There are 2 protein chains.
Amino acid sequence: MPYTYEYPRPSVTVDCIIFAFDRENKDIKVLLIQRLADPYKDCWALPGGFVDMDENLKTAAMRELEEETGLRDIFLEQLYTFGAPNRDPRGRVISVAYYALIPLHKAQVPVAASDAKQVKWYSTKQLPDLAFDHDQILAIGLQRLKGKVRYQPIGFELLNEKFALSELRDLYETILEKEIEKRNFRKKILSMNVLKELEEYQQGVPHRAARLYQFDKENYERLVNEGFSFEI
Amino acid sequence: MPYTYEYPRPSVTVDCIIFAFDRENKDIKVLLIQRLADPYKDCWALPGGFVDMDENLKTAAMRELEEETGLRDIFLEQLYTFGAPNRDPRGRVISVAYYALIPLHKAQVPVAASDAKQVKWYSTKQLPDLAFDHDQILAIGLQRLKGKVRYQPIGFELLNEKFALSELRDLYETILEKEIEKRNFRKKILSMNVLKELEEYQQGVPHRAARLYQFDKENYERLVNEGFSFEI
DNA sequence: TCAAAAGTGTTTCTGCTACACCCATGC
DNA sequence: GCATGGGTGTAGCAGAAACACTTTTGA
């Protein structure tokens, strides 16, 4: 390895914000772990940990997520990098934060995996005290979610692959924190041509079963190439 | 310093993308430096360098920018963090990229500052070969600029504090790569109430002088608090 | 007086908003 | 048969798009 520098180096970690949509309570939830070790032993925190020397940042995030929560094959997207000199009592630690949107049931009863004492969904409206600067990281994550959901079709990631339009509407109402008129929402989203109408219906609901839809990724990408831009 | 870990650590650098708008050529330019030392000696690269142990990431970016280009007091915004294990021949180097938008004249004749052989504006359409993965970083930066300019009033940062509406329109046409009808643009931007109409006019133009405007930040922020959302 | 860009008004059309009722289903 | 949410049509309005001419100024 030529040209090697020998300056002192910071440590680098990754942290993961896993968001889910709780339709019943019209709430956005986040997956937190209870730390096994100091610093902040027993404190709630975002899942995360140190990056190995030969591993991609996103790979590190996925590894830590699985080690601490059992979740795997989650699509993570980079959020922001936090590097205030005193954000970690162990010394200079720079953390690259990732976030993901998943359907709640995918980790409905998250097992405390090997590297965490407990794993639990928390409402983003009622958070416990968090370790490090994780409250700030989470705030930035929520802000990103709210900002992005209007202009990019990422909301679907929070639902099952097949969903009813009323679920989608509830989701947008929750994230955007405002009411959306039923008929207009339906017209708008259907007129975008990014949903596949399925010949399937809800099961076991105590009322008329709604038709199910699926996000049509291929068509969405085709439309984007033609200059279309998604907007709610 | 309790709980200190002694895992091997990556190095951390910052890189800066400085964008400017070249109205004459309807072009977006980027400020590059020619490297003084190996690796990639003499190669063109984004200004940047190693983060000190007790310095904020953004502070590091500002320091490196000044050392290599002489530019100071520039408003930098974090773009993305690049950490592929082999992106740097010196070993594991993770780079946090920042970007800024500045009026071209602010660094029109950039002096080669102490830490770079040369400093030069390049058209983003005709880039030289770049060091490391700086071509990818720049591509992400351009993508962010294009995506963000429509929904956030950041375009003004590329103009002088006082500008004519035709300059603003040229800017949007350049970034969005499409023509914008003059009358409709004028109506739209003025109806947003985010511009202060000045009692000043262009000087020394060989035709009727246009009225100058200024971005009204206070009013913009007030409007945002009331639920307004900027969109071109 | 010419060249070059500034500045302006109206019509058309599209898409958003607002609104109320019937339908299908499970219990 | 009733409670619950699913599903639909239309009228009015606001804002986007399309369009051409007059004004001002410096050279």
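This is a predicted model, so every value here is computed, not measured.
The line from CG of A:L165 to CG of A:L190 is 5.5 Å long, rounded to the nearest 0.5 Å.
Using a 4.0 Å heavy-atom cutoff across all strands shown, B:S191 reaches no nucleic acid atom at all.
As rounded to whole Å, 15 Å separates atom P of D:dG15 from atom CD1 of B:I232. Distance A:E231 CD to C:dT14 P: 19 Å, rounded to the nearest Å. A straight line from CG of B:N184 to P of C:dT12 spans 16 Å, rounded to a whole angstrom. Here D:dG6 presents its P atom at 9 Å from CG of A:L165, a figure rounded to the nearest Å. Atoms CZ (A:F185) and P (D:dG5) sit 18 Å apart, rounded to a whole Å. Computed from coordinates, the B:Q202 CD to D:dG26 P distance equals 12 Å when rounded to whole Å. Atom C1' of nucleotide D:dG5 and atom CD of A:E24 are separated by 16 Å, given to the nearest angstrom. Following rounding to the nearest Å, B:F163 (CZ) and C:dA5 (P) show an atom-to-atom distance of 20 Å.
At a threshold of 4.0 Å, the pair B:R35-B:D42 does not count as salt-bridged, since none of the basic side-chain nitrogens sits closer than that to a carboxylate oxygen.
Taking 3.5 Å as the limit, the base of D:dT10 and the side chain of A:K187 contain a donor-acceptor pair of atoms between them.
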Trace of the ring pair (Phe, Tyr, Trp, His ring centres under 6.0 Å) decision for A:F132 with A:F82 | CA-CA 11 Å; A:F132 308 105; A:F82 297 82; over 10 Å; no
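Put simply, A:S166 has a side-chain N or O that comes within less than 4.0 Å of OP1 or OP2 on D:dG6. Taking side-chain N and O atoms only, B:R211 has no distance below 4.0 Å to OP1 or OP2 of C:dG7. Of the side-chain N and O atoms in B:R186, one or more sit less than 4.0 angstrom from OP1 or OP2 of C:dT8.
Comparing A:H207 and A:R183 by the nucleotide of DNA chain C whose heavy atom lies nearest to each, the residue mapping closer to the 5' end is A:R183. With DNA chain C read from its 5' end, the first of the two nearest nucleotides for A:K182 and B:A209 is the one closest to B:A209. Nearest-nucleotide assignment on DNA chain D puts the 5′-proximal partner with A:P206, out of A:P206 and A:Y201.
No more than 12 heavy-atom neighbours from other residues, nucleotides or ligands sit within 6.0 angstrom of CD on B:E24.
Using cut-offs of 30° and 60° on the angle between ring planes, the pair B:F185 and B:Y172 is tilted.
Comparing C:dG7, D:dA18, C:dC19 by their nearest atom to the side chain of B:R208 picks out C:dG7.
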